[in-house]
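Note sheet for the following structure.
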Amino acid sequence: MIDIPSPESTAQAFEDRYGRRPDGVWSAPGRVNLIGEHTDYNDGLVFPFAIERRTWAAMGRREDRTLTVHSGAMPEPAQASLDELGPERFDGWSAYVFGVVWAMEQRGVDLSGRTGFDIMLASDVPLGAGLSSSAAIECAVAIALNDEWELGLTRRELIYICQLAENGAVGAPTGNMDQTASLMGEAGHGVLIDVRAETADPVALHFADEGLELLVIDTRVHHEHATGGYGARRKSCEDGAAAMGVASLRDLTEEDLPRAVEVLDDETFRRVKHVVTENARVARTAEVVANEGPRAIGDLLVASHASMRDDFEISVPELDLAVETALANGAVGSRMTGGGFGGAAIALIDADRAAEVEAAIEAAFADAGFTAPIIFVVNPSAGAHRDL
């Protein structure tokens, strides 16, 4: 969006655009999911962490009921009215912003008598890389509005508002793992989320203590959650739960899989198997990292990738190559992360081997004729907050 984004530069961009200083600047992070893919909308377990890459929202109140948003990454500004909100009126990227306002109204926020706002967005969360740039936008806007309009909403309420914006305004049938990580993240910690129980517990990861870093390999294969395979996978999960006679796949354990293979067709069984075994891997990962340390979770990460590749079928050749190359060059563990069909892989590596692993992956992509990946280290970081 703008060069080297920061709270100060975002405030300056707002002033350059609107001719006045913003009321404040708020930000929310992207996230990496350490383990637990496609479990959130099945009432399951996920284990993400917020990263230092963030989206900043500089906001200033207006005297009318108009909403405007600008971003250096988008060619045209967007505008809406508090009197005419609705998903049918949202188009493209601005749905992530105006959808939050609409979702607030849907969840009981009275917009009558309120004035609109101007907003400037800036971000260094890569788009389409599986690091949840969309949730970072939603959460930054949500906490800004919560402050600006003095709504007093809790973080849990903001999570549901941002999820509704994603589902109802954007049209992406996702769960709320991304928004939970963005709003509830803590420095140095993962967030163990139990979607059914509505809990989000911090778990210390100890990467730096063990001399480890988490490498993100952005394959630059972009995905779109609002269309295609994501929705099909979700329907398979719903069909599988119905056929097994349970409310959601969270109600099944690995002991139910022998019956599932008899009841379900092969494809639906494999989708169900992934979710059931992934829930078990998430619980085990949180237990192992707490009791044995992060070097002991490598096999769980590798098993997760195999399940997504073979059973849920959401990987792509670029992701598989990134994982295989990282493991061949000494990674503790590696897996694709995010919704799949592109995006990023992660590799837990010794910090002193980062350059070596990065070079090996770049060479492997070049040899395969793939677009050069973007590779960078991420650290478990703080969740959404006000910056200025």
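Side-chain atoms are counted along with the backbone in the values below, which use heavy atoms only and exclude waters and symmetry mates.
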What is the distance from atom [atom1] of [X] to atom [atom2] of [Y], rounded to the nearest 0.5 Å?
X: Ile349; Y: Asp352; atom1: CD1; atom2: CG; value: 9.0 Å
X: Asp194; Y: Thr199; atom1: CG; atom2: OG1; value: 4.5 Å
X: Leu67; Y: Glu84; atom1: CG; atom2: CD; value: 11.0 Å
X: Ser71; Y: Met120; atom1: OG; atom2: CE; value: 7.5 Å
X: Ile161; Y: Glu166; atom1: CD1; atom2: CD; value: 14.5 Å

Side-chain heavy atoms nearer than 4.5 Å, only ILVMFWY residues, links allowed to pass through others: does that put [X] and [Y] together?
X: Val25; Y: Val69; answer: no
X: Leu153; Y: Leu183; answer: yes
X: Phe117; Y: Ile143; answer: yes
X: Leu321; Y: Val302; answer: no
X: Val203; Y: Leu301; answer: yes

Can a donor-acceptor pair be found, under 3.5 Å and without considering hydrogens, that links the side chain of [X] to the backbone of [Y]?
X: Arg155; Y: Thr180; value: no
X: Arg114; Y: Asp110; value: yes
X: Thr337; Y: Asn33; value: yes
X: Arg271; Y: Arg233; value: no
X: Ser334; Y: Ile346; value: yes
X: Asp265; Y: Glu267; value: yes
X: His189; Y: Pro202; value: no
X: Thr268; Y: Leu264; value: no
X: Gln179; Y: Ala135; value: no
X: Arg250; Y: Val195; value: no

For this session: Kindly indicate, with the supporting measurements, whether the criterion salt bridge (charged side-chain N to carboxylate O under 4.0 Å, His left out) is fulfilled by Arg61 and Glu148.
Result: CA-CA 8 Å; Arg61 286 181 292 269; Glu148 285 281 75; 2.8 Å; yes

Is it true that [X] and [Y] have a side-chain N and a carboxylate O under 4.0 angstrom from each other?
X: Arg259; Y: Glu262; answer: no
X: Glu356; Y: Arg353; answer: yes
X: Lys273; Y: Glu254; answer: no
X: Glu157; Y: Arg107; answer: no

Side-chain contact test, heavy atoms from C-beta onward, threshold under 4.5 Å: evaluate it for [X] versus [Y] and give yes or no.
X: Phe207; Y: Leu348; value: yes
X: Leu212; Y: Val332; value: yes
X: Asp23; Y: Phe14; value: no
X: Leu158; Y: Met104; value: yes
X: Ile361; Y: Pro373; value: yes
X: Val282; Y: Leu192; value: yes
X: Val101; Y: Leu145; value: yes
X: Phe376; Y: Pro126; value: yes

Is there a donor-acceptor contact under 3.5 Å linking the side chains of [X] and [Y]?
X: Asp118; Y: Thr68; answer: yes
X: Ser304; Y: Arg335; answer: yes
X: Glu198; Y: Tyr160; answer: yes
X: Arg281; Y: Thr277; answer: yes
X: Asp320; Y: Ser315; answer: yes
X: Ser133; Y: Tyr96; answer: no
X: Asp387; Y: His385; answer: yes

Exercise. In a check of side-chain hydrogen bond (donor to acceptor under 3.5 Å, both in side chains) between Arg54 and each of Ser381, Ser182, Ser27, which one passes?
Worked result: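 Among Ser381, Ser182, Ser27, the one that satisfies the side-chain hydrogen bond (donor to acceptor under 3.5 Å, both in side chains) with Arg54 is Ser27.
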
Taking everything shown except [X] itself, do over 12 heavy atoms lie less than 6.0 Å from its [atom1]?
X: Glu292; atom1: CD; result: yes
X: Glu63; atom1: CD; result: no
X: Asp299; atom1: CG; result: no
X: Asp91; atom1: CG; result: no

Exercise. Arg196 and Asp43: salt bridge (charged side-chain N to carboxylate O under 4.0 Å, His left out), yes or no, with the steps?
Worked result: CA-CA 5 Å; Arg196 171 168 285 177; Asp43 285 345; 3.4 Å; yes

Exercise. Parallel, tilted or perpendicular: which describes the rings of His70 and Tyr18, with under 30° parallel and over 60° perpendicular?
Worked result: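 Plane angle over 60°, so perpendicular.
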
Problem set entry | Parallel, tilted or perpendicular: rings of His38 and Phe312 (30°, 60°) |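 It falls in the tilted class, 30° to 60°.
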
For this session: Could you walk me through whether Val276 and Asp256 pass the side-chain contact (heavy atoms from CB on, under 4.5 Å) test, one step at a time?
Result: CA-CA 9 Å; Val276 171; Asp256 295 303; over 6 Å; no

For this session: Test side-chain contact (heavy atoms from CB on, under 4.5 Å) on Arg62 and Thr66 and set out the steps.
Result: CA-CA 7 Å; Arg62 296 173 59 101; Thr66 300; 3.6 Å; yes

Problem set entry | Nearest atoms (heavy-atom pairs only) where Val191 meets Ala200 |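 Heavy-atom minimum between the residues: CG1-CB, 3.7 Å.
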
Problem set entry | Intermediate values then yes/no, side-chain contact (heavy atoms from CB on, under 4.5 Å), Thr174 and Asp178 | CA-CA 9 Å; Thr174 59; Asp178 296 348; 5.6 Å; no

Problem set entry | Audit row: Val261, Leu257, side-chain contact (heavy atoms from CB on, under 4.5 Å) steps and yes/no | CA-CA 6 Å; Val261 77; Leu257 293 178; over 6 Å; no

Exercise. Checking salt bridge (charged side-chain N to carboxylate O under 4.0 Å, His left out) for the pair Glu313/Arg309: CA distance, chi angles, key distance, verdict?
Worked result: CA-CA 5 Å; Glu313 296 182 289; Arg309 181 191 63 214; over 6 Å; no

For this session: Start with the C-alpha gap between Asp218 and Arg220, add the side-chain angles, then the distance that decides, and say whether salt bridge (charged side-chain N to carboxylate O under 4.0 Å, His left out) holds.
Result: CA-CA 5 Å; Asp218 177 3; Arg220 300 171 70 186; over 6 Å; no

